[in-house]
Amino acid sequence: MSHCIKCGTVLPEGSAFCPSCGSPVGQMSQNQAPDSADSKEKITLAAFAISLAVFMPPVGIILAIIGTLKYMNPAYKKICQIAIPTSGVCLFLLPILYFCTIFYSLGFR
C-alpha cells in the first residue's frame with residue numbers, strides 16, 4: 001500500500017495521480033520508506049506529545065495540537081489525536097490524585 005509523498009493519502013493501486021491533492025505519483029515503490037531523519041523528527045514529536053499528555057498535560061495538549069496540524073502521515077497524526085483527550089483526562093485526574101495523596105499522608109482518612 002503506497003501513500004502520496006505530498007499529502008500522505010493512501011493511493012489506489014495503479015493510480016497515476018493522488019486523488020486528494022492531484023500530485024503525480026511517479027515511480028514510487030510499494031514500501032517506500034520516508035527519509036530516516038524526517039521519520040525520526042516526526043515520531044519524536046508524536047512520542048513527546050503522547051508521553052507529556054500523561055505527565056505534563058498542558059504541554060501534551062500543545063504538542064498534540066501542533067502535531068495534528070503538522071503531520072501528513074496518518075499514523076503520526078492519529079497518535080497526536082489520541083494525545084489530546086488523554087491530556088484532558090490527565091489534566092482532570094492528576095490534581096485529584098495529588099490532593100488525595102497529600103490528605104492521606106497528613107492523616108486525613
Side-chain angles (χ1 to χ4, degrees):
M1 184 180 283
S2 61
H3 290 73
C4 175
I5 58 174
K6 185 175 180 184
C7 71
T9 302
V10 177
L11 297 171
E13 299 262 341
S15 62
F17 295 95
C18 173
S20 181
C21 69
S23 163
V25 174
Q27 298 294 327
M28 263 186 8
S29 67
Q30 287 290 345
N31 295 324
Q32 181 180 9
D35 189 15
S36 64
D38 186 38
S39 176
K40 183 176 179 181
E41 178 183 60
K42 287 184 179 181
I43 194 65
T44 302
L45 178 62
F48 275 130
I50 197 74
S51 300
L52 292 177
V54 175
F55 298 110
M56 295 189 324
V59 178
I61 289 173
I62 292 168
L63 289 178
I65 291 171
I66 291 170
T68 301
L69 297 174
K70 175 185 176 236
Y71 286 138
M72 295 297 171
N73 185 327
Y76 297 147
K77 187 175 283 222
K78 184 69 173 174
I79 293 171
C80 290
Q81 290 170 344
I82 291 170
I84 294 171
T86 304
S87 294
V89 168
C90 291
L91 190 61
F92 176 74
L93 292 179
L94 284 178
I96 294 171
L97 179 65
Y98 294 150
F99 285 120
C100 289
T101 304
I102 290 170
F103 288 143
Y104 183 78
S105 66
L106 293 175
F108 296 106
R109 295 182 183 151

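Excluded from the calculations below are hydrogen atoms, water molecules and symmetry mates; all remaining heavy atoms, backbone and side chain alike, are included.
- Every side-chain contact (heavy atoms from CB on, under 4.5 Å) that Pro74 has, sequence neighbours left out, goes to His3.
- To the nearest 0.5 Å, atoms CD1 (Ile65) and NZ (Lys70) are separated by 15.5 Å.
- Between the OG1 atom of Thr101 and the OH atom of Tyr98 there is a distance of 9.0 Å, given to the nearest 0.5 Å.
- Taking 4.5 Å as the limit, some side-chain heavy atom of Tyr71 sits within range of a side-chain heavy atom of Leu45.
- When the side chains of ILVMFWY residues are joined at heavy-atom separations under 4.5 Å, either directly or via intervening members, Ile79 and Ile66 end up in a single hydrophobic cluster.
- Cluster annotation: Ile61 and Tyr76 are assigned to distinct hydrophobic clusters (Ile/Leu/Val/Met/Phe/Trp/Tyr, side-chain heavy-atom contacts under 4.5 Å, transitive).
- Note that OH of Tyr104 and CG of Leu106 are 12.0 Å apart. Values are rounded to the nearest 0.5 Å.
- The minimum heavy-atom distance linking Ala46 with Cys80 is given by the pair CA-SG, 4.1 Å.
- Under the side-chain contact (heavy atoms from CB on, under 4.5 Å) criterion, Thr9 pairs with Cys7, Cys18, Ser20, sequence neighbours left out.
- Between Pro19 and Leu11 the shortest side-chain heavy-atom distance falls below 4.5 Å.
- In terms of hydrophobic clustering, with Ile, Leu, Val, Met, Phe, Trp and Tyr side chains grouped at heavy-atom distances under 4.5 Å, Leu91 and Leu63 are assigned to different clusters.
- Grouped by direct or indirect side-chain proximity (heavy atoms under 4.5 Å, Ile/Leu/Val/Met/Phe/Trp/Tyr only), Val89 sits with Phe92, Leu93, Ile96.
- Taken together through direct or relayed side-chain contacts under 4.5 Å among Ile, Leu, Val, Met, Phe, Trp and Tyr, Met56 and Ile50 form part of one hydrophobic cluster.
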